[in-house]
Amino acid sequence: MGSFRRGAVLAFTLIRKRIATQTEYQLSFVVGSIGATLEYFGTAMMIVILVRTFGDLNGWSAWEVAFLYGVNLAAYTFGASFFFHFMRQLPDLVRSGDLDQVLVRPLNPLVYLALNSFSFTYLFRTLLGIGIVAVSLAMSLGSFDAISALHLLSVMIAGGVLQAGFFLFFSVPVLWQVQDHGIGRMVFEFRRFTNYPISIFPVAIRIVLTFILPYGFIAYYPAEYVFGKASLFAPSFAYLSLPVSILFFAIAYLFWTTGIKRYQGSGS
Amino acid sequence: MRMRLVQKLRTYSTLIKKVFQSRSFYASAVFWGLTSSFLFFFMQASLWTALLQDGQRDGIGFSEVITFLVVRSIAAPFSGSRISWLISRPFKSGDIATMFIRPLEIREQVYCEELGAGVFRFLVEGVPLALCAILVYGIAPPASPLIGIASALSLVVGAIIGNQLNYLIAQFVFWFKSDYYTKFLSGALVLVFGGTMVPIWFYPEWLRQMCRVLPYQLIFFRPVEAYLGREESVLATLALGVAWVIALLVANRLLWRAARRVVVIQGG
């Protein structure tokens with residue numbers, strides 16, 4: 001238990017350090033954050049305008065589609081807060097040899113790297129995502145209780161874990177000095193499909209987004225439940241966000257540990 | 001260090017060629033980039049199929065929308081979206097000092113890089129994508145051959161406007177000391193006022209009014225309108241575009257002069 005407490009203290013210290021560094025120039029941080037949020041806000045606005053003009057999208061109202069966007073945004077930025085910079089930085093760490101230093105430390109290297117890569121800069125965008133979720137729920141359902149709020153929070157966190165799994169998975173080839181020439185980007189491109197109800201896409205896409213690249217579990221399947229939509233596969237999918245995310249992250253983590261073992265064994 | 005025009009043009013083409021070559025080095029990167037673009041296009045087409053549902057809205061049907069999407073994928077490589085980053089990169093590292101004394105002005109270097117990258121993406125992604133889309137979905141024919149040529153011209157003018165606008169905002173990096181939000185600001189403005197995500201046909205009246213007074217819609221929405229024969233006078237649109245180009249060139253020149261005085265080297 002003592003080591004857990006130490007670990008928690010260390011985690012907070014690392015994160016606090018990152019936050020301090022990134023908010024050093026306060027005005028720049030705030031203005032920059034607002035600016036970064038603008039494009040996402042603009043996109044959300046465009047989605048609402050678009051679906052409104054056409055009445056609905058395959059039975060989904062403008063605010064229901066906005067809900068999808070909001071959950072995706074919150075989940076993505078939450079996962080990216082810990083793993084985007086990690087993924088970006090890894091090639092440099094490998095090249096400079098700094099990764100070896102991290103691996104020698106008693107702390108789990110992934111935990112250390114993820115915490116040390118924490119990007120506070122996503123804060124405003126995460127808040128925007130949550131805000132869009134709240135507004136879209138208010139506009140479409142009228143009201144929601146504390147239990148629904150908690151459920152949605154867990155959905156967004158689960159989504160973040162799933163996103164993190166994707167970041168982690170595509171970081172591993174870097175360990176073997178295999179250059180990613182864009183397959184990672186293509187996979188992330190698939191994510192954009194889920195900003196819209198995946199019922200508008202052909203079956204092949206739906207299968208990919210459910211069973212291969214389970215982006216559908218971030219926002220779409222929970223939304224089926226929230227808005228009482230007919231389920232594409234099975235009603236239970238609405239509740240599977242957390243288990244699917246954890247499973248996916250576990251697979252990514254296994255891949256990572258395999259990668260680290262091979263990296264260490266290669267005698268670099 | 002001033003160069004004669006012939007020398008300058010030769011330097012431009014060398015720089016553009018270099019950018020082109022570095023891009024084409026990895027065939028797999030090209031392949032995955034192409035796949036991503038195809039995927040994104042397919043997603044958009046599915047979305048619009050669902051929205052329009054074999055019908056039309058305000059005289060806009062599926063073939064008009066596909067035309068819009070095809071023109072967008074052709075014009076997108078030349079949007080100059082990386083200008084903000086290209087200017088801020090040497091600024092942050094301190095290389096900006098050396099960039100000032102190179103034979104080509106920073107402005108010219110940045111445009112050449114963007115043009116090189118743009119031509120590459122146009123040839124490798126834009127053209128194949130456009131051809132496939134036309135084959136699969138069909139495109140609306142131009143209102144007349146003459147109008148087709150004129151709208152192509154206004155597309156070129158539009159690309160120049162887009163680049164100039166990006167450059168204008170990007171120059172504020174010299175005052176804000178970071179490109180963090182200039183690039184997002186640019187993106188947000190083009191998204192909302194340029195009609196890149198949702199064609200301006202479907203905008204509410206209040207937003208359409210705002211777009212009318214801003215140059216963003218000239219980037220590629222108005223050229224599409226012209227192509228479809230929905231513009232009253234294509235020549236007037238062309239003239240308006242040229243007027244904006246001149247105005248923006250002047251504004252950029254003035255801003256650049258002011259920026260040179262403000263440059264504080266951060267990398268040193």
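Numbers restart at 1 for each chain; the letters A, B, ... are given by sequence-line order, proteins then strands.
Among the candidates B/T49, B/L191, B/L51, the residue making the largest number of heavy-atom pairs closer than 4.5 Å to chain A is B/L51.
Proximity to chain B (any heavy atom under 4.5 Å) is shown, for A/I47, by both the backbone and the side chain. When heavy atoms are compared at a cutoff of 4.5 Å, B/F31 does not approach chain A at all. Only the side chain of B/W48 comes within less than 4.5 Å of a heavy atom of chain A; its backbone N, CA, C and O stay farther away. Heavy atoms of A/F193 lying under 4.5 Å from chain B belong to its backbone as well as its side chain. Contacts of A/P197 with chain B are absent, with no heavy-atom separation under 4.5 Å from either backbone or side chain. For B/L189, no part lies near chain A; criterion is any non-hydrogen pair under 4.5 Å. Proximity to chain A (any heavy atom under 4.5 Å) is shown, for B/M43, by both the backbone and the side chain. Neither the backbone nor the side chain of A/T37 comes within contact range of chain B; no heavy atom of the residue lies under 4.5 Å from a heavy atom of that chain.
Relative to the ring axis of B/F40, A/R192 places its NZ or CZ within 45° and under 6.0 Å from the centre. Both cation-pi conditions hold for A/R262 and A/W176: the charged atom is under 6.0 angstrom from the six-membered ring centre and inside a 45 degree cone around its axis.
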For A/F86 and A/F167, what are the C-alpha separation, side-chain angles and deciding distance, and is it a ring pair (Phe, Tyr, Trp, His ring centres under 6.0 Å)?
CA-CA 8 Å; A/F86 161 86; A/F167 285 126; 9.2 Å; no

Go through A/I198 and A/I205 one step at a time and tell me if the side chain to side chain contact (heavy atoms under 4.5 Å, CB included) criterion holds.
CA-CA 8 Å; A/I198 62 180; A/I205 300 282; 6.0 Å; no

Output, in order, the C-alpha distance, side-chain angles, deciding distance and verdict of ring pair (Phe, Tyr, Trp, His ring centres under 6.0 Å) for A/Y76 and A/Y215.
CA-CA 11 Å; A/Y76 178 82; A/Y215 283 119; 9.2 Å; no

Give the intermediate values and the outcome of salt bridge (Lys or Arg N to Asp or Glu O under 4.0 Å) for residues B/R230 and B/E64.
CA-CA 11 Å; B/R230 293 166 53 93; B/E64 279 82 18; over 6 Å; no

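Inspection of the A/Y220 and A/E224 side chains reveals an N or O donor paired with an N or O acceptor under 3.5 Å.
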